[in-house]
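Okay, so here's the structure we're looking at.
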Amino acid sequence: MVAAIALPSASALAQDVDAAADAPAAEAPADASGMTAEQKAAYDAWTPQGRAAYDSLGADEQTYFWTLADNRKEAFLRLAPDSRSALMSVPESQREAAWQQFESRAEALDASPSDSGETPDAN
């Protein structure tokens, strides 16, 4: 099971996919880290574990991270490196379907009896 990385609430993270799609082509200039001022502010507000998880991403993964909807940003950081790599290797046109598979698996894990706190019936 993948350990959760504590990030601030979704509203504290940078723009979501809809906002990114509506944003003008020329965003605010990036700083030396390659982040816009808004992205850097979001990054600075994260826990040290959240920053470390982001810092461990490759450059392409970091760029892709900022295009994700807020609810997928944390999930992307929690993915195992091989799962992130597999997602990045999928053509962009098929990534939504891949995300739906990841989310379905996560929902199934969340719904499993061992995670619900219920004790299985001994009979």
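What's counted below: heavy atoms across the whole structure, side chains too, no hydrogens, waters or symmetry copies. Along the sequence shown, residues carry numbers from 1.
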Compare every heavy atom of [Y] with every heavy atom of [X], then report the nearest pair and how far apart it is.
X	Y	value
Tyr64	Thr67	O-OG1, 2.6 Å
Arg84	Ser56	NH2-OG, 4.4 Å
Ala86	Ser89	O-OG, 2.7 Å

Is it the case that more than 12 heavy atoms not belonging to Asp44 sit under 6.0 Å from its CG atom? yes
- Considering residues, nucleotides and ligands other than Gln100, do more than 12 of their heavy atoms fall under 6.0 Å from its CD? yes
Value rounded to 0.5 Å, distance of [atom1] in [X] from [atom2] in [Y]:
X	Y	atom1	atom2	value
Gln94	Leu87	CD	CG	11.5 Å
Glu74	Leu79	CD	CG	11.0 Å
Trp46	Leu77	CH2	CG	6.0 Å

Between the main-chain N or O of Ala59 and the side-chain N or O of Thr63, is there a donor-acceptor pair closer than 3.5 Å? yes
Short side-chain to backbone donor-acceptor contact, Gln39 and Thr36, under 3.5 Å: yes
* Between Trp99 and Phe76, what is the ring plane arrangement, given parallel below 30°, perpendicular above 60°, and tilted in between? -> tilted
Could you tell me if the side chain of Phe65 sits less than 4.5 Å from the side chain of Asp60, heavy atoms only?
no
So Gln62 and Met35, do their side chains get closer than 4.5 Å, heavy atoms only?
no
Should the pair Arg72 and Phe102 be classed as cation-pi, given the thresholds of under 6.0 Å to the six-membered ring centre and 45° from the axis?
no
- Can a donor-acceptor pair be found between the side chains of Tyr54 and Trp66 at a distance below 3.5 Å? yes
